[in-house]
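Residues take their numbers from the sequence shown, with the count starting at 1.
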Amino acid sequence: MRLILFILAGSLFLTACQPKAIVPAKLIGEWNPTYQIQERTTDGTWGPWTTISTFAALPSIEFTADGRFLREGKEGADCCYAGNRFTVSDNTIFFTEFKSCPQVRCANCTTWQINRLEADTLVIEACDIGPRSKYARKKK
C-alpha cells in the first residue's frame, strides 16, 4: 500500500513541476499569413490589428512533426529571423540551422514568441522587437 501511495505521490509531483508549454502537436501544420499585424503602442500595450498591403505575396509557413520549419514547402531558414529546425518550450519557438549570410549583420533573433495558438489561428511575435503577425491554418 505504501508503494502505491509513494508512486502516486511521485507521479503527481513530477507532473506538477512540468512547465506549461503549448503542445507542439497544435503547432504542426501549414499556416497562411492573414496580412494582419499588431504594433506596440508607446505605453507598451498592443494597438489594433491592421491589414497590410504588399506587392509580393507573403509565404506560408509550416512546422513539421520532425522539427523542420518550411516556407512555401521549402527549407525556411533566412539570414536573421528563422532557421530550418525548431523546438518549442514555454510558448517560445527556438530556431537552429540558420542560413549562412556572411555579408548580412543581424540582431540576435533565434526565437519567436507564440502569443496565441488555437485550432485555426496562430499569433507570433518574432524576436520580441517587431509587430505581432497573425496566421490562419491552411485548409486541407
Is the distance from the ring center of Phe86 to that of Phe94 below 6.0 Å? no
Please report the shortest heavy-atom distance between [X] and [Y], naming the atom on each side.
X      : Y      : result
Pro33  : Pro59  : CD-O, 3.6 Å
Ala82  : Trp112 : CB-CZ2, 3.9 Å
Leu58  : Tyr35  : N-OH, 2.8 Å
Asn115 : Arg132 : OD1-CD, 2.6 Å
Asp90  : Gln113 : O-NE2, 4.1 Å
Asn84  : Ala77  : OD1-N, 2.9 Å

Where at least one partner belongs to residues 54-71, residue pairs that pass salt bridge (charged side-chain N to carboxylate O under 4.0 Å, His left out), sequence neighbours excluded: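 Of all non-adjacent pairs touching residues 54-71, those that pass salt bridge (charged side-chain N to carboxylate O under 4.0 Å, His left out) are Asp66-Arg68, Arg71-Asp78.
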Which salt bridge (charged side-chain N to carboxylate O under 4.0 Å, His left out) pairs, counting each pair once, include a residue from residues 39-60, with sequence neighbours left out? Arg40-Glu125
Hydrophobic cluster membership, with links at side-chain heavy-atom distances under 4.5 Å among I/L/V/M/F/W/Y: are [X] and [Y] in one?
X      : Y      : answer
Phe63  : Tyr81  : no
Ile124 : Val88  : yes
Phe95  : Leu122 : yes
Phe98  : Ile61  : yes
Ile28  : Leu70  : no

With rounding to the nearest 0.5 angstrom, report the OG1 to CH2 distance, Thr41 to Trp46.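 Thr41 OG1 to Trp46 CH2: 9.5 Å, rounded to 0.5 Å.
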Does Glu75 have more than 12 heavy atoms from other residues, nucleotides or ligands lying within 6.0 Å of its CD? no
Among all residues two or more places apart in sequence or in another chain, which pass the side chain to side chain contact (heavy atoms under 4.5 Å, CB included) test with Asn32? Ser60, Lys138
